[in-house]
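In what follows, a single structure is set out as structure tokens and then discussed.
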Amino acid sequence: MMPKSKFLEVECPECGNKQVVFGSSSTEVKCSKCNFMLVAPKGGKSAVKGKIVKVLT
Ligand SMILES: [Zn+2]
């Protein structure tokens, strides 16, 4: 399951930091603490690498 066009709360698998990212972002999003790439752009969509904690609607 890959939610699109929503804000997601993602937990960094490296350091446990949680941050809100936009699910359909076409830019990469890195963890604000450890720089782990939480969201990687992929063919116009985004691939969320972190653990999705919550989907914010
Ligand atoms: Zn991190």
Side-chain angles (χ1 to χ4, degrees):
M1 191 188 77
M2 183 60 67
K4 296 184 180 70
S5 302
K6 287 177 178 169
F7 286 97
L8 309 171
E9 189 176 341
V10 176
E11 183 179 312
C12 175
E14 293 292 312
C15 71
N17 178 50
K18 290 176 187 169
Q19 66 189 68
V20 176
V21 302
F22 190 54
S24 65
S25 172
S26 58
T27 56
E28 64 184 46
V29 179
K30 287 179 178 175
C31 174
S32 59
K33 281 192 177 176
C34 75
N35 262 4
F36 179 85
M37 193 181 288
L38 294 173
V39 179
K42 192 178 179 184
K45 298 173 189 170
S46 58
V48 179
K49 305 289 189 186
K51 178 186 172 190
I52 297 172
V53 180
K54 199 186 291 181
V55 178
L56 309 167
T57 54

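One-based numbering, in listed order, for ligands and for the atoms of each. Worth knowing before you read on, the calculation uses all heavy atoms, side chains too, and leaves out hydrogens, waters and symmetry mates. Heads up: numbering here begins at 1 and tracks the sequence.
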According to side-chain hydrogen bond (donor to acceptor under 3.5 Å, both in side chains), who are the partners of N17, at least two apart in sequence or on a separate chain?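 Partners of N17 under the side-chain hydrogen bond (donor to acceptor under 3.5 Å, both in side chains) test: Q19, S32.
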Please list, one pair per line, the donor and acceptor atoms closer than 3.5 Å that link side chains of residues 7-15 to other protein atoms, with sequence neighbours excluded.
none

For the NZ atom of K18 and the NZ atom of K51, what is their distance to the nearest 0.5 Å?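 If I round to the nearest 0.5 Å, the distance is 8.0 Å.
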Which residues share a salt bridge (charged side-chain N to carboxylate O under 4.0 Å, His left out) with K30, sequence neighbours left out: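 Counting only residues at least two positions away or on another chain, K30 forms a salt bridge (charged side-chain N to carboxylate O under 4.0 Å, His left out) with E28.
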Determine whether V39 and V53 fall in the same hydrophobic cluster, where Ile, Leu, Val, Met, Phe, Trp and Tyr are linked whenever their side-chain heavy atoms lie under 4.5 Å apart.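 Hydrophobic grouping puts V39 apart from V53.
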Among the clusters formed by ILVMFWY side chains lying less than 4.5 Å apart, do V55 and V29 turn up in the same one?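 They do share one cluster, since a chain of ILVMFWY contacts under 4.5 Å joins V55 to V29.
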Quick one: name the protein N/O/S atoms under 2.8 Å from the Zn ion (ligand 1), chain by chain.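 You should have found C12 SG, C15 SG, C31 SG, C34 SG.
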